Enquirer: 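Below is a structure I'd like to ask you about.
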Amino acid sequence: MTDHPHRARRVVARGTLSVALVLALSGALFAANAKFARASGDRHPQDLRELTQAETDRVARLSTEVDSLRAVVDDLTAAENAGSPVGEPSTAYQIEGGILPVAGPGVTVRLEDAPTDSPRREDADLDSLLVHQQDLQAVINALWAGGAEAMSLMDQRVISTSAFQCVGNVLKLHGRVYSPPYVVRAIGNPDELRRGLNASPAVQLYVRDAAEVGLGWSVTDADQPLELAAYSGATELTAATVPDGVEILPGLEAAEEAQRASTGPATTVGPEDKQ
């Protein structure tokens with residue numbers, strides 16, 4: 001049996017046409033993807049600075065919405081509890097929980113990475129030229145120990161459940177991202193707050209490094225009362241519990257007893273009373 005060259009040519013031609021069609025469709029797909037990427041303009045992975053800023057703005061917008069919704073919930077709760085003998089938590093509880101904005105005397109602490117043009121950077125370890133998470137933690141703990149009544153980090157209220165993380169020279173706090181300088185404001189007696197900072201070995205270690213390698217460090221008393229905004233964020237707890245014997249709202253049991261005394265003992269209806 002003899003081969004048929006014209007059949008082979010048709011097979012080759014058909015295969016070439018298929019390859020050309022695949023390449024054309026691939027090119028059209030790549031072009032469409034590139035056009036879509038240019039049209040979106042909002043998320044460019046190669047531009048990390050703009051992407052970070054966009055996410056930061058989104059978190060700030062959502063935080064504002066959370067504050068508005070929390071205000072609505074508070075109003076509905078107050079309306080639901082109208083006439084209740086328990087009433088609202090005291091102002092002291094609301095201040096300690098960060099629910100209310102506060103103002104008062106205090107100090108402002110500023111920490112910053114060593115400047116890039118500092119001559120002391122040449123012989124210094126790169127790690128010692130940056131403000132680290134433990135440095136901020138040491139300052140905040142020292143201020144609490146010095147009697148701080150309220151505190152903020154980067155204009156965000158710090159409460160008992162606040163947690164922040166440093167990644168390189170970037171600070172993450174309550175879903176937002178910050179770059180140095182890092183600013184801590186604490187309301188309290190300025191002299192006692194300074195004594196708390198001076199009594200902290202970890203803070204003094206940072207102060208020593210600041211003098212040696214040029215880290216930014218300053219503690220200033222407030223000329224005008226510091227104004228700290230209310231806490232903005234979630235307050236729900238999923239793992240924490242109140243220890244036995246700890247009274248959550250002082251006066252709650254007394255208020256309930258007074259209510260029972262004013263309304264009289266509760267009556268029950270038995271089967272014989274239903275006849």
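The structure presented is a predicted model; accordingly, all values stated were derived computationally and were not measured. Heads up: numbering here begins at 1 and tracks the sequence.
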Enquirer: Keeping Glu112 on the side-chain end and Pro180 on the backbone end, is there a donor-acceptor pair under 3.5 Å?
Expert: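 Checked: no pair found.
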Enquirer: Is there a side-chain contact between Trp217 and Val109, using heavy atoms and a 4.5 Å cut-off?
Expert: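 Trp217 reaches Val109 side chain to side chain.
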Enquirer: Can you list everything that forms a side chain to side chain donor-acceptor pair (under 3.5 Å) with Arg157? Sequence neighbours excluded, please.
Expert: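 So Arg157 forms no side chain to side chain donor-acceptor pair (under 3.5 Å) with any residue.
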Enquirer: Other residues, nucleotides and ligands only: do more than 12 of their heavy atoms fall within 6.0 Å of CD on Glu227?
Expert: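 Not more than 12 within 6.0 Å, no.
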Enquirer: Do you know which of Glu192, Arg185, Met151 makes side-chain contact (heavy atoms from CB on, under 4.5 Å) with Leu143?
Expert: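 Only one option passes, and that is Met151.
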Enquirer: Check whether any side-chain N or O of Ser162 sits under 3.5 Å from a backbone N or O of Ile159 as a donor-acceptor pair, and report yes or no.
Expert: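 Present.
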Enquirer: Any chance CZ of Arg110 has more than 12 other-residue heavy atoms, nucleotides or ligands included, within less than 6.0 Å?
Expert: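 For Arg110, atom CZ is not crowded (no more than 12 foreign heavy atoms under 6.0 Å).
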Enquirer: Test Tyr178 against every option in Asp155, Val183, Leu153, Leu171 by the side-chain contact (heavy atoms from CB on, under 4.5 Å) rule and name the one that passes.
Expert: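 Single side-chain contact (heavy atoms from CB on, under 4.5 Å) partner of Tyr178 among Asp155, Val183, Leu153, Leu171: Leu171.
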Enquirer: How long is the straight-line distance from CZ of Phe164 back to CG of Leu136, given to the nearest 0.5 Å?
Expert: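 One gets 5.0 Å once the value is rounded to the nearest 0.5 Å.
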Enquirer: Quick one: does any side-chain atom of Asp135 pair with a main-chain N or O of His132 as donor and acceptor, under 3.5 Å?
Expert: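 Yes, Asp135 side chain to His132 backbone: donor-acceptor pair under 3.5 Å.
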Enquirer: OH of Tyr231 to OG of Ser160: how many Å apart, nearest 0.5 Å?
Expert: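 Between Tyr231 OH and Ser160 OG, I get 9.0 Å after rounding to 0.5 Å.
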Enquirer: I need the minimum non-hydrogen distance between Ala199 and Pro201, along with the two atoms involved.
Expert: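 Smallest interatomic distance, heavy atoms only, reads O-CD, 3.3 Å.
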